[in-house]
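So the structure is just underneath, and the comments pick up after that.
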Amino acid sequence: MVEYDVTIIGAGSIGVPTALATAENGLKTLVIDTLSSVAQGDNKHAIGGIRATHSLKSKIWLCQRSIEIFSSWKDLYGDDIWWEQGGYCFLALTEEHEQMLKNTAQQQKGYGLNISYVDSEKIKELVPGINDENLKGGTFSPEDGNSSPLLALHAFYRKSKEDGAEYHFNEKVTGIITQSKKITGVKTNKAEYQTKTIINAAGANAKDIGTMLNSELPVISESHEAGITEPVKKFFSTMIVDIKPAKDKKFGNSKNYYFYQNNEGKIIFCLTPEPNIPGKDRRETSLFLPQITKRMVNLLPRLKNIKVRRTWRGLYPMTPDGLPIVGKISDVEGYINAVGMCGQGFMLGPGLGELLSRIITEKLSSKDHQILGELAYTRDFYKMEDLK
Ligand SMILES: Cc1cc2nc3c(=O)[nH]c(=O)nc-3n(C[C@H](O)[C@H](O)[C@H](O)COP(=O)(O)OP(=O)(O)OC[C@H]3O[C@@H](n4cnc5c(N)ncnc54)[C@H](O)[C@@H]3O)c2cc1C
């Protein structure tokens, strides 16, 4: 029987770029997914935002590497993954947020990130037609951007197959085989495979995989909705993030929302509901569209006549502190977590994939050890990140 060096559970935002990195490093790689093709889990629900401007160094460093990979992909391999470096703009609409964003930008600059707090005039240049009532300014990070989650994952998938990765679709992992607390194989509804390492990249189902090893993972899925409009002439490039929560009769109850105009001219948008909606329900609601469109048209009145083409709902695999859980566990040798990506799995994927591959080849740098320390399974989960 063939023995794989690594078996990755899940062909999504994390599993596919990880297979790209492991296959490129010469590791015999198998990826297994229940669904019928690549990126059909929550990757395809992501709206494509990619930023390195986080507030903790683990996510900053991983996403800086992801941005290098996304931004150079077309030149290196020829596939257009719709990478656009339009930046991110977090708006300050209250004094409290102004202060918070100024402080965070200062801290982010300390990590070498290209980000500044800019005044409302600069924001008006970046977002022509924005309503400047209460607009105090905001942060702008020009090196962040966006890409198509489906085009990017398909490009990574093709390249990983060229490098030797194998994919088994329509196949569900049902068990993990160990001997003397060491991974030796994986069981599916169709077969058994010998493997030295297993990476749990099962997204919203990551907890079930942990349970197979009696490892309790604090990953709970939450429903989030998104939508897309018809195309119009391009008039802005940045991702706009409004962090001011809404809680009144006119705008309803919701936390932040964010949107950008993609390279076809369509506006793609997403909202964080208040309260959170735990569970695995992926059916769209009638609440989402009226809530977000009222907020978007109030902020950018020129959107009032644009038509919405489609909405969808997907899952964020959440952890209590909003940070992923990455790395080995002490109880079972050969098992690696790459779970709890929250709302940022697409942007983390390429950088994280390379790190996971270095765990297996034992080529971790001192930066990698710092990242793994911050994202360890054994950390204190109740310390909150500012820009979750
Ligand atoms: C509305 C919305 C907007 C978002 N916007 C962004 C964004 O702008 N930027 C960003 O970075 N992120 C965004 N996200 C978050 C992003 O989609 C997730 O963080 C990411 O997809 C999680 O990646 P993953 O690889 O862990 O899971 P997935 O991409 O869901 O992949 C997991 C795979 O594992 C498979 N699987 C599970 N269990 C098994 C099993 N037992 N056997 C075999 N296969 C199994 C599943 O079928 C699935 O294909 C958004 C999410 C939503 C819902």
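Values in this document were obtained by computation on a predicted structure and should not be read as measured data. In this chain, residues are counted from 1 in sequence order. Each ligand, and each atom within it, is numbered from 1 in the order the structure gives.
Shown in contact with Gly48 at under 4.0 Å from a heavy atom are these atoms of ligand 1, numbered in order with element: 7 (C), 8 (O). Close approach of ligand 1 to Glu171 is summarised as follows: ligand atoms under 4.0 Å from at least one heavy atom of the residue are 43 (C). Close approach of ligand 1 to Ala202 (heavy-atom distance below 4.0 Å) involves ligand atoms 32 (C), 34 (O), 37 (C), 38 (N). Close approach of ligand 1 to Ile209 is summarised as follows: ligand atoms under 4.0 Å from at least one heavy atom of the residue are 41 (N).
In this structure, Ala201 is part of the shell of residues with a heavy atom less than 4.0 angstrom from ligand 1. Not a single heavy atom of Pro149 sits under 4.0 Å from any atom of ligand 1. Remark: distances from the non-hydrogen atoms of His224 to ligand 1 include one below 4.0 Å. Using a 4.0 Å heavy-atom cutoff, Arg313 is absent from the residues neighbouring ligand 1.
With respect to Glu333 and Lys328, no salt bridge is recorded, no charged nitrogen being found less than 4.0 Å from a carboxylate O.
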Output, in order, the C-alpha distance, side-chain angles, deciding distance and verdict of side-chain contact (heavy atoms from CB on, under 4.5 Å) for Met100 and Ile243. CA-CA 11 Å; Met100 195 266 276; Ile243 54 175; 3.9 Å; yes
Derivation and outcome, salt bridge (charged side-chain N to carboxylate O under 4.0 Å, His left out), residues Arg283 and Asp281: CA-CA 6 Å; Arg283 293 168 304 167; Asp281 200 341; 2.8 Å; yes
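Inclusion of Ala226 in the set of residues having an N or O under 3.5 Å from an N or O of ligand 1 is not warranted. Considering backbone and side-chain atoms together, Ile47 places an N or O closer than 3.5 Å to an N or O of ligand 1. Polar contact with ligand 1: absent for Met239 (N/O pair, distance under 3.5 Å). Between Gly345 and ligand 1, at least one N/O pair is under 3.5 Å apart. By the 3.5 Å distance cut-off applied to N or O atoms, Val173 is counted among the residues near ligand 1. Where the criterion is an N or O separation shorter than 3.5 Å, residue side chain and backbone included, Leu348 fails it with respect to ligand 1. Of the N or O atoms in Phe346, one or more lie within a sub-3.5 Å distance of an N or O in ligand 1. In terms of N/O distances under 3.5 Å, ligand 1 is approached by Asn43.
Here the protein heavy atom with the shortest distance to atom 25 (O) of ligand 1 is Ile14 N, 3.0 Å. Scanning the protein for heavy atoms near atom 9 (N) of ligand 1, the closest one is Gly49 O, 3.0 Å. Scanning the protein heavy atoms around atom 10 (C) of ligand 1, the nearest turns out to be Gly343 O, 3.4 Å. Asp42 O, 3.1 Å is the protein heavy atom nearest to atom 17 (O) of ligand 1. Among protein heavy atoms, the minimum distance from atom 31 (O) of ligand 1 is reached at Gly12 CA, 3.4 Å. The protein non-hydrogen atom at the shortest distance from atom 11 (O) of ligand 1 is Met347 N, 2.8 Å. With respect to atom 34 (O) of ligand 1, the closest heavy atom belonging to the protein is Gly10 CA, 3.2 Å. At the top of the distance list for atom 52 (C) of ligand 1, counting protein heavy atoms only, stands Tyr316 CE1, 3.4 Å.
Of the possible polar contacts, one joining the Asp321 side chain to the Leu323 backbone as a donor-acceptor pair under 3.5 Å is found. For the pair Tyr257 (side chain) and Arg295 (backbone), a donor-acceptor distance under 3.5 Å is present. In this structure a side-chain-to-backbone donor-acceptor pair under 3.5 Å is present from Thr188 to Lys190. When atom types are taken as modelled, the side chain of Asn43 and the backbone of Pro149 share a donor-acceptor pair closer than 3.5 angstrom.
The aromatic ring centroids of Trp61 and Tyr111 lie 6.0 Å or more from each other. Taking the six-membered ring for Trp and the full ring otherwise, the centers of Tyr167 and Tyr157 sit less than 6.0 Å from each other. Two rings, from Phe90 and His97, have their centers 6.0 Å or more apart. The aromatic ring centroids of Phe70 and Phe346 lie less than 6.0 Å from each other.
When side chains are defined from C-beta on, Val2 does not count as touching Tyr193, because their heavy atoms never get closer than 4.5 Å. Looking only at side-chain heavy atoms (C-beta outward), Phe235 and Gln261 come within less than 4.5 Å of each other.
For the pair Lys102 and Tyr117, the distance from NZ or CZ to the six-membered ring centre is under 6.0 Å and the angle to the ring normal is within 45 degrees.
In the candidate list Cys342, Gly349, Gly203, Ala46, Cys342 is nearest to atom 18 (C) of ligand 1, counting heavy atoms. For atom 47 (O) of ligand 1, the nearest non-hydrogen atom from the set Asp33, Asn170, Thr34 comes from Asp33. Among His168, Met318, His45, Gln344, the residue whose heavy atom lies nearest to atom 3 (C) of ligand 1 is His45.
Listed here is the closest heavy atom pair of Glu171 and Ile32: O-CG2, 3.3 Å. When all heavy atoms of Glu374 and Leu56 are compared, the pair lying nearest together is OE1-CB, 3.5 Å.
Using a 4.0 Å cut-off between heavy atoms, Ser13 contacts ligand 1 through both its backbone and its side chain. Neither the backbone nor the side chain of Ile50 has a heavy atom within less than 4.0 Å of ligand 1. When non-hydrogen atoms are compared, ligand 1 lies under 4.0 Å from the side chain of Asn205 (C-beta onward) but not from its backbone.
To the nearest 0.5 Å, atom CZ of residue Arg65 and atom NZ of residue Lys367 are 11.0 Å apart.
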